[in-house]
Student: 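Encoded as structure tokens, here's the structure I'll be asking about.
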Amino acid sequence: MTDHIVAGAQKHLTGIPLSVISQGAEALVFKTNVHPYLTSPSLANKEAFIIKYRPPKPYRHPKIDASITKNRTIGEVRFMSKLQKLGVNAPAVILADLDNGIIWMEYLGTELPNGDVSSFKNHLWYLERNKEPSFCTDDDVKLLCQEVGKLIGKLHLNDMIHGDLTSSNILLQDGQPLLIDFGLSSYSGMPEDKAVDLYVLERAIDSTHSVYAKQYNEWMLEGYEQIHMDKEYGKQGTKKFVEVSRKLDDVRLRGRKRSMLG
Ligand SMILES: Nc1ncnc2c1ncn2[C@@H]1O[C@H](COP(=O)(O)OP(=O)(O)OP(=O)(O)O)[C@@H](O)[C@H]1O
């Protein structure tokens, strides 16, 4: 199945070496060492690049499928370009082939000492499994969680919703968090949508880092609050934070009721 999809991608990317790094429901993600038009790009990583490819879905009508693929690719590229403009940490888009569902982007993140990708999840797992418990709750982790909260806060202060916030969709580069995977992103000023975004991450942290989840989540919310209180955002920032945190309480309550009902 994957071979057939890789061949489909390779048809549009003749001569470009592709190695699959992930296959999701929506897209295949490749790593390549080729930039589409520059020999020495001014990017943090000049040797590796990501190509995200949305293959045709054989179960959809071809015309509808082509239109969905194009619209989703445009949506993701626009979202990423806006983040770039706003200075919210995320990979830069290098090139997009909208009709063929291809986004060529900057490769970010590094390798952890155990060889895993430096996602927020892997980083915390690495500490949890290889270090003394005190490492997992020290000031470095606190600051990192707060930075993650600030990053999400910056996104929300610009009325941008990630839509799939997990600790795997946050990568670490030079100690700083950055966001990836904008396939489900949207724009909304509604506190409810922002609260749901936060709740999804909170639940992801609960399920992947159960021992320290409460602490990580508290620190992330602290960072989220701190950025809203920044004088750059004035009274609006404070107001927005209060609205989102009220909604987050409602969303948590709904979530608890739902899980009690099964
Ligand atoms: N710009 C990037 N730099 C480095 N690694 C990346 C980048 N983009 C994606 N990846 C890697 O590829 C994986 C999948 O990427 P992404 O989440 O965007 O694809 P997806 O198909 O939407 O995945 P899923 O369906 O699992 O959510 C990421 O978890 C990450 O490891």
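Whatever order the structure lists ligands and atoms in, that order sets their numbers, starting from 1. Note that this is a predicted model, so its numbers are computed, not measured. When a residue number appears, it is its place in the shown sequence, counting from 1.
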Student: Side chains of Gln215 and Thr137: is there a donor and an acceptor less than 3.5 Å apart?
Tutor: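 No - no donor-acceptor pair under 3.5 Å links their side chains.
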Student: Output the rest of the hydrophobic cluster of Val117: all Ile, Leu, Val, Met, Phe, Trp and Tyr residues reachable through side-chain heavy-atom contacts under 4.5 Å, sorted by chain and number.
Tutor: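 Besides Val117, the cluster holds Leu108, Leu171, Leu178, Ile180.
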Student: May I ask you to check whether over 12 heavy atoms, not counting those of Lys57, lie within 6.0 Å of atom NZ?
Tutor: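 For Lys57, atom NZ is crowded (more than 12 foreign heavy atoms under 6.0 Å).
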Student: Rest of the hydrophobic cluster containing Met190 (Ile/Leu/Val/Met/Phe/Trp/Tyr, side-chain heavy atoms under 4.5 Å)?
Tutor: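 Members besides Met190: none; it forms no cluster.
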Student: Which parts of the protein, at residue level, reach under 4.0 Å of ligand 1 through a heavy atom?
Tutor: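 Contacts of ligand 1 under 4.0 Å: Ile21, Ser22, Gly24, Ala25, Ala27, Val29, Ile50, Lys52, Pro91, Met105, Glu106, Tyr107, Leu108, Asp164, Asn169, Leu171, Ile180, Asp181.
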Student: Checking side-chain polar atoms at under 3.5 Å, does Asp97 have a donor or acceptor matched by the opposite partner on His12?
Tutor: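 No pair is found: no donor N or O on one side chain lies under 3.5 Å from an acceptor on the other.
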Student: Checking Asp164 now: which residues fulfil salt bridge (Lys or Arg N to Asp or Glu O under 4.0 Å) with it, not counting sequence neighbours?
Tutor: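 By the salt bridge (Lys or Arg N to Asp or Glu O under 4.0 Å) rule, Asp164 matches no residue at all.
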